[in-house]
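All residue numbers refer to positions in the sequence shown, counting from 1.
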Amino acid sequence: MKTDAHLSAVPLQSWLRIQREAPPLGERAEALRQALLGCPQVRQAWYLAWQPASRTYAQMDDGPRLPPGMGDPLEASDETLFAALGEQPSLPFDALRRMPCWLAGRLRRAALHHGQALALQLQAGQPGVLLLQVDEAAGLEWLPWLRELLVQMVELASGLARSAPLLSSDPQPALLLDAEARLLESNAALQGLLGERALTQVGELLPVNHLPLVRACLEQSRAVESVEAQDGERILIWSFIPDGAERRVLARCREATREVREQREAARARRLYRLITENTTDLISRHTPEGVFLDATPASWTLLGYWPEELRGMAVDSLLHPQDQLQQAKQAREALEQDGYHTMTYRIRHRDGHYLWFETASRAIRETYTGAVVEVVSVSRDITARIQAEENKRRLEDELAHTTRLITLGELASGIAHEINQPLAAVVNYASASQRYLQGIGGDQAGVDKVGQGLARITEHANHASAVIKRLRAFLRKGQRRMQALDLAEVAREAVRLCNWEAGTAQVAVSDVLPDNLPPVFADRVLLEQVLLNLLRNAIDANRERHPGAPSQVRLEAGEADGCLAIRVIDQGPGVSDEQMAKLFTPFYTSKADGLGLGLSMSRSIIEGFGGALEASPAEGGGLCLECRLPLGRDDV
């Protein structure tokens with residue numbers, strides 16, 4: 001790892017300023033500790049001053065306190081370490097921990113392994129030691145050089161002259177400038193940065209305003225850091241450190257092309273993200289796993305009438321419609337915990353009190369190691385207009401379906417009249433016969449029995465006529481859909497009864513092979529009956545076209561498939577061509593001279609509204625098979 005990577009983030013300005021003001025040693029030690037903690041590789045720093053009276057090092061900064069050493073405190077001594085630092089000013093922790101001294105025990109108790117002890121005198125006549133703990137991944141080779149730099153900085157702050165060896169050993173490009181920003185001295189690293197250019201061209205590397213920067217350094221006695229300069233495609237970051245006594249400035253730089261470009265890209269990405277989040281019409285929000293708002297985008301004001309600051313800390317459940325609170329909230333939390341993603345449609349209360357329909361997609365953010373959900377991010381949009389449009393469309397389809405039922409009954413009028421006339425004629429006949437029996441009944445018990453039988457028949461046929469009328473009234477019912485679990489076979493047989501007379505007239509036999517133990521389906525009874533009646537009448541017409549004046553058959557079959565219940569109406573008609581098959585469900589497309597072309601398209605829309613599907617396919621023998629797939633009845637119905 002390069003040395004300049006370790007020191008690039010160390011803020012020297014405040015420490016140098018404090019050193020120049022010559023405050024008490026504790027303030028200097030704490031300022032140095034804070035400056036060193038600005039280096040990414042430094043985990044912790046301590047400065048300890050030598051105490052001749054106790055022959056130990058005492059901690060002077062305000063950082064974490066080191067534990068006491070091992071053994072009897074009255075016999076504590078760091079003389080061995082003091083002598084070793086006099087000969088070798090940089091000592092690794094591993095070597096220090098093995099020394100017979102009080103500070104070695106303190107390091108062992110603090111479990112400090114990776115780092116160095118650096119001899120450093122922050123105050124004249126007061127020896128001291130700087131303990132630096134660094135990241136395990138960072139090497140230790142740069143720490144002795146850091147000590148040399150700190151020693152020189154202390155001398156600069158004390159007004160002492162800088163020695164040239166520091167400049168020559170600096171691994172970063174560096175140079176000395178006089179008060180007019182003229183070059184006094186440079187190091188080999190700077191020449192490497194210049195490449196084939198002459199040293200006199202060093203100004204091409206410096207910031208364009210380097211002269212005012214040098215003057216400001218000296219006049220204000222402060223370091224100027226992180227000044228950007230452009231050298232072709234390269235980006236350099238310069239620091240200017242004053243030496244007031246000598247009226248010189250140390251200028252050091254590092255190449256930061258990749259770093260600066262990444263920072264610029266990140267800044268552009270943040271601006272773009274802020275632009276998107278602040279201007280999107282969707283509401284983007286963050287929540288706790290329990291559903292409490294952590295933050296929201298400004299769209300919250302447009303959509304709900306709340307500013308983001310007002311939503312923070314508010315429970316989402318408190319805004320939900322009472323009918324949605326328990327079920328929706330529970331389902332959302334269970335899905336996020338199990339799958340990590342959930343989409344729901346619900347009603348939410350606007351600040352003004354009215355409710356809106358919202359659609360929200362949520363994703364769980366999990367803790368890396370445990371996998372626990374720690375946060376939820378949601379994107380919500382107002383779908384009130386869409387829901388209203390769908391409701392209006394559904395109502396329009398229902399009105400059209402009702403009109404179609406009226407038309408269908410008009411077309412079936414002859415059969416309906418026949419089905420009603422038959423029981424009414426029987427009622428009249430039985431009533432006349434009963435009257436005759438009553439006139440000559442006398443004491444004839446047989447006559448009494450015949451009158452009783454006649455009255456029973458009258459009741460039976462009257463009830464039959466009443467049932468027919470009841471079925472017709474139910475079929476003509478107008479109003480909201482009533483979704484419920486239904487017996488498909490029962491509904492299908494009711495549709496067969498409505499078209500029985502028409503089928504008999506065309507010599508078409510409806511073959512009912514529907515099982516009696518079919519699972520229930522979830523649909524509206526009248527609309528489902530209308531669809532099945534339409535399919536049956538189409539099949540009867542197809543048979544009449546292919547078999548005029550001859551008997552034929554329409555089959556009704558049913559069975560479970562792919563989680564649905566399918567019912568098939570299969571005719572023996574002429575079938576349809578591939579071109580006709582593609583247009584079969586197109587509105588207003590019909591092959592009948594007097595047809596509207598709405599029956600099959602409307603039937604498909606009704607079935608799709610139930611969550612099912614209506615498809616056509618060729619049947620064996622040239623006929624057509626219309627298959628209606630319906631969702632099974634729900635458990636909570």
Qualifying side-chain hydrogen bond (donor to acceptor under 3.5 Å, both in side chains) pairs, either residue in [range], two or more places apart:
range            : answer
residues 89-106  : none
residues 47-69   : Ser54-Thr56, Gln59-Asp61
residues 367-382 : Asp282-Arg381, Arg286-Glu375, Thr360-Ser380, Ser362-Ser378, Glu367-Thr370, Asp382-Thr384

Is any side-chain heavy atom of [Y] closer than 4.5 Å to one of [X]?
X      : Y      : result
Leu336 : Val373 : no
Met153 : Leu149 : yes
Asp78  : Val129 : no
Leu304 : Leu283 : yes
Leu36  : Arg33  : no
Tyr346 : Leu319 : no

| request: Let me see the working for Arg247 and Asp178 under salt bridge (charged side-chain N to carboxylate O under 4.0 Å, His left out), right down to the final yes or no. | output: CA-CA 6 Å; Arg247 300 291 294 169; Asp178 65 11; over 6 Å; no
| request: Give a yes or no answer on whether the side chain of Thr297 reaches the backbone of Ile284 with a donor-acceptor pair at less than 3.5 Å. | output: yes
| Would you say Gln172's side chain and Cys253's backbone share a donor-acceptor pair under 3.5 angstrom? | yes
Let me have the donor-acceptor pairs involving side chains of residues 227-235, under 3.5 Å, with sequence neighbours excluded, atom names and distances please.
from, atom 1, to, atom 2, distance (Å)
Glu228, OE2, Arg264, NH2, 2.4
Gln230, NE2, Gly232, O, 3.0
Gln230, NE2, Arg234, O, 3.4
Asp231, OD1, Arg197, NH1, 3.0
Asp231, OD2, Arg197, NH2, 3.0
Asp231, OD2, Arg234, NE, 3.3
Asp231, OD2, Arg234, NH2, 2.5
Glu233, OE1, Arg261, NH2, 3.3
Arg234, NH2, Leu193, O, 3.0

| query | Run the side-chain hydrogen bond (donor to acceptor under 3.5 Å, both in side chains) check on Gln152 and Glu148 step by step: do they pass? | reply | CA-CA 6 Å; Gln152 295 297 327; Glu148 291 296 324; 4.9 Å; no
| field | Leu120 and its side chain to side chain contact (heavy atoms under 4.5 Å, CB included) partner, picked from Leu48, Leu146, Leu32 | value | Leu32
For the residue pair [X] and [Y], what are the closest heavy atoms and their distance?
X      : Y      : value
Ala189 : Pro173 : CB-N, 3.6 Å
Leu107 : Leu131 : CD1-CD1, 3.9 Å
Pro23  : Gln123 : O-OE1, 4.3 Å

Hey, could you give me the [atom1]/[atom2] distance between [X] and [Y], rounded to the nearest 0.5 Å?
X      : Y      : atom1 : atom2 : answer
Leu91  : Met99  : CG    : CE    : 6.0 Å
Phe82  : Thr80  : CZ    : OG1   : 12.0 Å
Leu206 : Trp238 : CG    : CH2   : 4.5 Å
Phe240 : Cys217 : CZ    : SG    : 7.5 Å
Leu175 : Leu184 : CG    : CG    : 9.0 Å
Ser300 : Leu311 : OG    : CG    : 5.0 Å

| field | Stepwise ring-ring contact (aromatic ring centres under 6.0 Å, His included) test for Phe93 and His113 | value | CA-CA 6 Å; Phe93 279 178; His113 297 275; 9.0 Å; no
| task | Could you tell me how the ring of Trp307 sits relative to the ring of Trp301: parallel (under 30°), tilted (30 to 60°) or perpendicular (over 60°)? | result | parallel
| message | Does anything in residues 333-352 form a salt bridge (Lys or Arg N to Asp or Glu O under 4.0 Å)? List the pairs, not counting sequence neighbours. | response | Glu310-Arg351, Asp317-Arg333, Asp324-Arg347
| query | With a 6.0 Å cut-off on ring centres, are Tyr355 and His321 close enough? | reply | yes
| field | Pairing residues for Glu265 by the salt bridge (charged side-chain N to carboxylate O under 4.0 Å, His left out) criterion, not counting sequence neighbours | value | Arg268
